[in-house]
Amino acid sequence: MTSASRHINEEPLFRGFLWGYLRQLKWKDGWIMIFQALLFTCAHVYFAGRYPLMFWVYIPATAILFGWLTLRSRSIAPAILAHGMINGSVYVLIMMSLRAVLP
């Protein structure tokens with residue numbers, strides 16, 4: 001699965017279905033925000049060993065951002081856009097770093 005399709009799939013799961021289901025269970029938005037961020041972070045556990053800063057700081061922070069965007073807009077579309085932009089930015093930074101290191 002490519003990075004682009006992964007973030008398009010993650011947003012409906014974490015900020016769409018999960019959020020809606022927990023709301024039906026009468027969870028408060030603040031608790032949903034924390035819970036979805038924890039699950040989103042756990043779904044990215046493959047970063048933990050190799051990129052601990054990304055796993056412990058960057059990913060939870062972006063999960064909160066995506067949740068906040070969803071909550072404010074009442075739509076997952078802004079979170080999908082932000083997710084794609086952030087993933088794309090990381091990809092560009094990696095490519096730029098490799099270009100600086102490799103001949």
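One is the number of the first residue; the rest follow in order along the sequence.
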If we only count heavy atoms from C-beta on, is the [X] to [Y] side-chain gap below 4.5 Å?
X: Phe40; Y: Thr62; result: yes
X: Trp19; Y: Asp29; result: yes
X: Tyr58; Y: Ile86; result: yes

Roughly how far apart are [X] [atom1] and [Y] [atom2], rounded to 0.5 Å?
X: Phe66; Y: Ile59; atom1: CZ; atom2: CD1; result: 10.0 Å
X: Phe35; Y: Leu18; atom1: CZ; atom2: CG; result: 6.0 Å
X: Thr70; Y: Leu65; atom1: OG1; atom2: CG; result: 9.0 Å
X: Glu10; Y: Leu39; atom1: CD; atom2: CG; result: 12.0 Å
X: Leu69; Y: Arg15; atom1: CG; atom2: CZ; result: 9.5 Å

Point to revise | Cluster link Ile76 to Phe17, ILVMFWY, side chain under 4.5 Å | key: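 In one cluster with Ile76: Phe17, no.
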Exercise for review: For residues Phe14 and His83, establish whether the separation of their ring centroids is below 6.0 Å.
Suggested key: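 No, the ring centres sit 6.0 Å or more apart.
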Practice item. Apply side-chain hydrogen bond (donor to acceptor under 3.5 Å, both in side chains) to Trp68 and list each qualifying residue two or more places apart in sequence or on a separate chain. Key: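 Residues passing side-chain hydrogen bond (donor to acceptor under 3.5 Å, both in side chains) with Trp68: none at all.
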Review point. Aromatic rings His44 and Tyr46: how do their planes relate, parallel, tilted or perpendicular, breaks at 30° and 60°?
Key: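 If you compare the ring of His44 with that of Tyr46, the planes turn out tilted.
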**Study point:** Heavy-atom closest pair, residues Ser73 and Pro78
**Key:**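 Where Ser73 meets Pro78 most closely, the heavy atoms are OG-CG, 3.4 Å.
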Practice item. Answer yes or no: is there a donor N or O on one side and an acceptor on the other, between the side chain of Gln36 and the main chain of Ala63, under 3.5 Å? Key: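 Yes, because the side chain of Gln36 sits within donor-acceptor range (under 3.5 Å) of the backbone of Ala63.
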